[in-house]
Amino acid sequence: MLAAGGQLPSERLGDLAVFGELALSGALRPCRGVLAVAEGARRAGCGGLVLEAGHAHEAALVDGLGVFGAHHLTEVGAILRAETDGSVAGPRPAAASAGADAALDLEDVRGHRAPLRALTIAAAGGHNLLLAGPPGTGKTMLAQRLPSILPALTRDEAIEVTRIRSVAGGAPSHELVTTRPFRAPHHTISAAGLVGGGSLPLPGEATLAHHGVLFLDELAEFSRGALEALRQPLEDGRVAIVRGQRLAVYPARFQLVASTNPCPCGFAGSARCRCTEADLGRYRRRLSGPLLDRMDLTVDVQRPGPEDFAAGPVCRSEQERDRVVAARERQAARSAATGVLANAHLGTRQLRRQVRLDARGDAVLRRAYERGVLSPRGHDRVLRVARTIADLDGSDAVAAVHLLEALGLRQDLFADAAEETA
């Protein structure tokens, strides 16, 4: 408006985008989504972006775009008159972090050799993981240490994670987020809080966990509606929200890790359990079959024996992370043409090309399917897990032993609990 009235030169405005809220006092106020706006300005061919100075470093994360920060409209006028460049300069603060505590390490875990093996497989392939067992056996402890063995974010992934944080209204990101997100919402969260929504749609926890881990502790305590809302993101890797005849699509390619007890009291199969078959039936109905079918690995976490508990650590995060990174590199090289970085995200056609079973493996899988143990979705998920186990072993071929381990990690713990109760 000032340029149109001749109070400011208009020449530079042809190459500049302007973003922010203007107060009546002339002060500039920041808005959410600065990184996304900066990327859009670059795609539109703008040479620079003028915005509130507090978010200028965030916009400067986009290469090839001039960034001009200002606190007041008078400073914007000085920039347009070329009295000052207003460009961002100087050292930036330390890198932002959106992950779990870096001090958490697998060496803190005692016993649990089988659950630790499942945790490594889940990390190597990006697979969903359900940890079930009595209270206090270490399910949450294991889940919280999953980020410590995940590979670092690539630059493209880091930009996506930082952009989501900006759109969600987080603190200004002066550096790219360098650690994978780990989100652990409380079980009282609503469906809109979990997958996004509201009158003015905002990303939910599923989107905030993009390229990271969404941990749902005490899975059966979450509302049925909230859990069912996760089914589409788990399949499609995105959330589509319609409000006021407008469609908002948020990325949601996360790794779901959940923990639960096998029965209401948590001690199914032991003398301490007082749950009836009816109690167990009501408890199991809180978790739908379609949701459980989307869990690639289901692991029974029991109380470790005295010898195992007194022994040293089974493994450390550093050595497991090296194995995970090597497996992910094999996957990325094999799927370089498609851009798929983890086996969990392989499409059906890609899966058929990358997993060719020998006669024994094919017979094992056929018997499991004929017995009704696997759904068609579960059939493909077992193949993806077997492909990951082979990658951890450094094998180009998926052998029967890899398939048998994958099938063993897809057990129905609730069915076992029902049989023990009966």
Side-chain angles (χ1 to χ4, degrees), residues 94-153 177-184 209 211-219 254-261 266 295-331 342-344 385 388-394 405-406 408-409 413:
S97 173
D101 187 350
L104 299 179
D105 195 285
L106 291 182
E107 69 177 351
D108 303 326
V109 180
R110 295 294 184 267
H112 293 319
R113 189 174 297 274
L116 284 169
R117 167 70 172 171
L119 202 69
T120 300
I121 295 171
H127 302 292
N128 300 326
L129 172 65
L130 176 62
L131 302 168
T137 54
K139 301 184 295 294
T140 302
M141 186 180 193
L142 286 162
Q144 289 174 338
R145 281 152 181 78
L146 176 59
S148 70
I149 61 175
L150 291 174
L153 290 167
V177 174
T178 57
T179 55
R180 294 188 179 272
F182 182 85
R183 308 292 299 188
H211 291 315
V213 177
L214 178 64
F215 175 49
L216 303 184
D217 199 5
E218 302 297 343
L219 185 66
F254 58 88
Q255 184 175 355
L256 178 61
V257 178
S259 69
T260 188
N261 297 322
M295 305 304 293
D296 302 296
L297 310 172
T298 307
V299 183
D300 189 12
V301 183
Q302 293 294 328
R303 177 175 174 268
E307 298 81 6
D308 292 334
F309 193 73
V314 175
C315 59
R316 291 178 170 81
S317 290
E318 183 178 2
Q319 68 189 59
E320 293 304 297
R321 184 170 56 250
D322 290 342
R323 298 180 63 222
V324 167
V325 169
R328 288 280 186 114
E329 288 175 350
R330 294 177 67 90
Q331 296 166 44
N343 286 331
V385 174
T388 298
I389 296 172
D391 288 332
L392 281 170
D393 289 347
E405 184 175 4
L409 288 169
L413 299 175

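In this text the structure is predicted, and so the values were computed from the model without any measurement.
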- Message: Just verifying a value: how many Å separate Q302 CD and D300 CG, rounded to the nearest 0.5 Å?
- Response: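 So the CD of Q302 and the CG of D300 are separated by 4.0 Å.
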- Task: Might you point out which heavy atoms bring A406 and I389 nearest each other, and give the distance in Å?
- Result: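 Heavy atoms only, the tightest pair is N-CD1, 3.8 Å.
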- Item | Residues D105, R316: salt bridge by 4.0 Å N-O rule | no
- Separation of L119 CG from L131 CG (nearest 0.5 Å): 7.5 Å
- Ignoring hydrogens and geometry, is there a side-chain-to-backbone donor-acceptor pair from S317 to L106 under 3.5 Å? yes
- Query: Short question: side chain of E218, backbone of T260 - any donor-acceptor pair under 3.5 Å?
  - Reply: no
- Query: Would you say the side chain of D296 lies within less than 4.5 Å of the side chain of L129, judging by non-hydrogen atoms?
  - Reply: no
- Would you say V213 and P181 make side-chain contact, with heavy atoms under 4.5 Å? no
- Under 6.0 Å from the CD atom of E318, do we count more than 12 heavy atoms belonging to anything else shown?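 Open: at most 12 neighbouring heavy atoms sit under 6.0 Å from CD of E318.
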- Message: Given 3.5 Å as the limit, does a donor-acceptor pair link the side chain of R110 with the main chain of A310, or not?
- Response: no
- Message: Under a 4.0 Å threshold between the charged nitrogen and the carboxylate oxygen, would R323 count as salt-bridged to E320?
- Response: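 Yes, this pair counts.
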- Spacing of H112 atom NE2 and D308 atom CG [to the nearest 0.5 Å]: 9.5 Å
- When rounded to the nearest 0.5 angstrom, what is the spacing between CD1 in I149 and CZ in R321? 9.0 Å
- Message: Between H211 and V177, is there a side-chain heavy-atom distance shorter than 4.5 Å?
- Response: no
- With V324, which of I121, D391, T120 fulfils side chain to side chain contact (heavy atoms under 4.5 Å, CB included)?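 Among the candidates, only T120 passes.
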